[in-house]
Amino acid sequence: MTFPHPKTPSAKAPVVLAALIVLGLAAALRLVPGPGREAAVLRLATTTSVDDSGLLDVLLPPFERSWGCRVDVIAVGSGQALELGRNGDVDVLIVHSPRAEEDFVTAGHGLARVTFMSGDFVLVGPPDDPAGVRASPDLKTAFRRLAAAGARGGAAFISRGDDSGTHRKELDLWRLSGVTPQGSWYLDAGAGMADTLRVAAERGAYTLSDRATFVTSSAPALTVLFEGDPLLDNPYSAIAVSPAAQPGVAAGLAQELVSYLVSPGAQALIADFGVELFGQPVLRPVAEAGGPAVPSAGGPAAVGARRLDWLDLGRTVTLSLAVSGTAVLLAALVALPLGAWLGLARFPGRPLVLRLLWTLMGLPPTVVGLLVYVLLSSRGPLGRLDLLFTPAAMVLAQWVLVTPIVAGYVAAAVEEGDRRFAETAAALGATPGQARLLILREARPAVLAALAGGLGRATSEVGAVFLVGGNIRGSTRVMTTAILLETRRGEFGQAFLLGAVLLVLGFFLNSAIHRLQGAGR
Amino acid sequence: MKTPVRARRRSAGVVSSGRGSGGVVSPGRRSGGTQFCGQDPALAVSGLRKTYGGRVVLDIEELAVSRGEVFVVVGPSGAGKTTLLRLLAALEEPDAGEVRLGDLFRKAGQAGSSRRPGGPSSLRSPGRPGPDVVWRRRLAFVAQHPVLFSGTVLENVTLGLRLRGVAPTVARDRALAVLAELGLGDLAAAHVFGLSAGEAQRVALARALVTDPVALLLDEPTANLDPANAAAVERAVRRAVGGRGLAALIVTHDLFQARRLADRAALLVQGRIVETGEACRLFERPRDPRTAAFVRGEMIL
């Protein structure tokens, strides 16, 4: 390190390098338009039960091939799916909450409600059936017996509690049975269907599930105790979001998807779905009128494609690294100068600023996700950028998450360096400017550690990327959201594999940082 | 990397005998004030006072160190020894009094009251060293626990020169010469984290000496060292002072070290100098009963 006189040196090379890396990553994420940009993307919001069942993996590829487009699937509860449609954040919905769907279309948010398949709900529970549901003459009696057994302490019921179609159905059934479900036996999972089934299985409790998810999820501790009542019908509808209400939506393509779903080809796929995997149809095609046929390339052979997909895994890992890496590099651009300044400067409000920074360091990812979501939603202040459910949104969320962390660590390290080295530097004849340079130079290992910490935080968080990315396969699915999904689907092996990849990457990252720190000494 | 300047310096604390800058007074032309005795000392203190929260921690009427002289201030812990060095090194501001370093003067009240030496407060332009920096560049201060910067021994020893704008090759040659002088030639390329305490202390000494200071200020230079290393450091100090003709002011609580090193010595108790004199006289025939007690190894306050 030299100390040119009379000017202090400005280190430009690292900044240029960082800018190049950011541009490279941005190109990899398609944040900037490149030659290979996708032609069309259709955003589909659907319920977790549909996504968890694996049906869309069978149903969508033929459509994507024949229309040369990509369908981004965002799996949420029916309530949130409808909300996404109302905001124009998606183009088309597949939901199963008939009354809410009617309201949605009546209010002008959707073009039409097209029922294209039907599943059914089943009341599942422990095989020994302590509440005696199995022997009930009708569904209402079954629910009343459940409540009675619950009140006695002999049974428990797990409710989805997430305002989903299934949850609303369950509440309807309690009401029809004349029972108000409350008490310690009635538990609110606040989770998707597969998670709720798992909770019920672990606790030996009852729950209401759609048949598709129950059959596809591995919950051997539960069995179907009541089925077949007309009240348990579970019709699924597709609704294209109205371009009149939300001019930004891809209405044409959305309507094509709705037409495709009622086409003979798609209806055949629906009928066959599950037979090969589970030996029973789990969904019934119920399209009233046949739509235009779509060339059925592939067909039911695609069923069973839920094996380990290395390409998918590679894409997920790459995206994780690209999103988190970009977020950390962009965070560094702000956090390093901010941290250095806060570490060295002394001004009246500094303690307050530092306390604020430390508070922000603990920001829960879900809060960051919510914030960015509101910001980027079509109705939000940055809605025009059309960034929600893109990698850019994930980068933004992680940037918000990581910047205070890096800045906080750097500020602490620089302040410590100030305490340690300022006087020695001064005694050696350093001008204040030179002393600051020396102090910052001593903070380099700590800066690397701060960046590594930020990257670790970014790659391991799930709340923010899930909310603003939507866990879209091949587009915004990163390792943590993939783990969440695979766990929900009961694919523990795949989830563990992803977790292992995450750990291995973390190990190599930390080893690299360690080497760099060693080189800096 | 730029940090905003917190506050403007109020006034320059250093006056030099050169012409030009305001407040410049050469020793001969100074109006009134204290007269320094002796034959033109390199380092001289007059009426120096420092209080912390109303408590007087240092109050020295007079103290002077000549070129080529090792002056040792002994005293019990808490006597104000380190405070004295910090005031001399312009790391703290005195409440009263003045210090002379060669042809530079530093006066209480005139100096910028920067509480954080090297902090943003005294930065006006990074290229023009302020008066505190000019002062510090004329002396060398080695703290009791010297702090080395990460890097090699050579990088540490050249640091002071590089900070002064000396060309890298020149700095390198001078540093290697000093390292060789202190018996550290083999360690030039070594990383500081691998050094023993004794080596680190000597590296810090080399780092201080390489800038050819007018005065050398050492705070408990061997307090943390075993006898062999302490002897090496003492030899290095003696040789450096003798060869360069610089004024060395060493503070220590170690009476034996004081006897080995000092030309002249003083006993500092509760911030005040009890007795000053030739080292052999002071330690053999102390006049003040407190000095006698200290020399006998008794507890004094």
Side-chain angles (χ1 to χ4, degrees), chain A residues 1-12 14-15 336-350 410-411 414-447 517-521, chain B residues 1-7 85-86 89-91 114-130 132-143 146-151 155-156 159-168 171 191-193 204 207-208 210-211 213 217:
Chain A
M1 191 173 184
T2 54
F3 294 91
H5 287 243
K7 280 200 166 177
T8 41
S10 65
K12 279 200 180 121
V15 176
L336 297 190
L338 179 68
W341 177 63
L342 283 174
L344 287 171
R346 299 290 180 273
F347 53 92
R350 183 172 174 273
V410 170
V414 170
E415 192 176 344
E416 170 63 22
D418 187 33
R419 242 195 310 278
R420 229 171 104 67
F421 295 105
E423 210 160 271
T424 302
L428 282 170
T431 63
Q434 289 173 330
R436 278 196 291 274
L437 276 180
L438 283 171
I439 291 162
L440 292 178
R441 183 171 164 272
E442 291 297 319
R444 283 183 307 182
V447 167
Q517 281 179 329
R521 296 202 153 174
Chain B
M1 296 247 260
K2 273 200 175 166
T3 309
V5 177
R6 183 176 59 134
L85 291 192
R86 290 175 57 80
L91 295 171
S114 160
R115 283 184 297 107
R116 300 177 57 256
S121 64
S122 50
L123 176 72
R124 190 180 297 161
S125 72
R128 267 251 307 281
D132 283 351
V133 174
V134 170
W135 179 273
R136 292 188 202 114
R137 285 184 177 180
R138 296 284 283 276
L139 52 74
F141 171 62
V142 180
V147 176
L148 298 178
F149 291 90
S150 57
E155 282 165 358
N156 265 275
L159 184 58
L161 295 172
R162 286 180 290 145
L163 290 170
R164 287 160 175 77
V166 173
H191 199 282
V192 293
F193 287 121
R207 188 173 66 178
V210 78
T211 58
L217 310 176

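Here is the naming used below: chain letters follow the sequence lines, and residue numbers restart at 1 for every chain. Bear in mind that the values here come from a model prediction, so they are computed numbers and not experimental data.
- Taking 4.5 Å as the limit, every side-chain heavy atom of Glu442(A) sits out of range of all side-chain heavy atoms of Val414(A).
- Chain A forms the most heavy-atom pairs under 4.5 Å with one residue out of Leu148(B), Val147(B), Leu139(B), Val192(B), and that residue is Val147(B).
- In this structure, Arg137(B) CZ and Thr211(B) OG1 are separated by 10.5 Å, a value rounded to the nearest 0.5 Å.
- Contacts between Leu217(B) and chain A at a heavy-atom distance below 4.5 Å are absent for every atom of the residue.
- One finds a salt bridge joining Glu415(A) and Arg350(A) here, because a Lys/Arg side-chain nitrogen approaches an Asp/Glu carboxylate oxygen to under 4.0 Å.
- Taking the side chain as every heavy atom from C-beta outward, Leu438(A) and Leu428(A) never approach each other to under 4.5 Å.
- For chain A, the nearby parts of Arg207(B) are the backbone and the side chain; heavy atoms of each come within less than 4.5 Å.
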